Amino acid sequence: MLRVVKVLDGPGFSKKLKGRSLLKVAEGCKVSYPTLLRMRNGEADEINISTLKKVMDFLEREENGK
């Protein structure tokens, strides 16, 4: 089964998280705060695709007002 995941580059992803409460994002997508912090700061060497999908899905829902 083909899976499509919307992915941003590092700076684009950081921009999406900038100005947001990482605690709120962490609670909403069930990803730990330290992981989000490393992702936002570009310090995460490797990011699991399921983690990235959880974060992107949450941000998309939030942007769509759901």
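Position 1 is the first residue of the sequence, and the numbers go up from there. Computed from a predicted structure; not experimentally measured.
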Closest non-hydrogen atom pair between Ser32 and Ala26, with its separation: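 Of all heavy-atom pairs spanning Ser32 and Ala26, the closest is C-CB, 4.3 Å.
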
Quick one: salt bridge (Lys or Arg N to Asp or Glu O under 4.0 Å) partners of Lys24, sequence neighbours excluded?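 Salt bridge (Lys or Arg N to Asp or Glu O under 4.0 Å) check on Lys24 returns Glu62.
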
If I take atom [atom1] from residue [X] and atom [atom2] from residue [Y], how far apart are they, to the nearest 0.5 angstrom?
X     : Y     : atom1 : atom2 : answer
Leu36 : Cys29 : CG    : SG    : 5.0 Å
Ile49 : Lys54 : CD1   : NZ    : 12.5 Å
Glu27 : Tyr33 : CD    : OH    : 12.0 Å

Tell me, do Lys53 and Asn48 make a side-chain contact under 4.5 Å, heavy atoms counted?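 In short, these two side chains do not touch, never coming nearer than 4.5 Å.
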
Using a strict cut-off of less than 4.0 Å between a Lys/Arg side-chain nitrogen and an Asp/Glu carboxylate oxygen, indicate whether Glu63 and Arg20 qualify as a salt bridge.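 Looking at Glu63 and Arg20, the cut-off is met.
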
Qualifying residue for side-chain contact (heavy atoms from CB on, under 4.5 Å) with Thr51, from Met39, Met56, Glu46: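 Among Met39, Met56, Glu46, the one that satisfies the side-chain contact (heavy atoms from CB on, under 4.5 Å) with Thr51 is Met39.
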
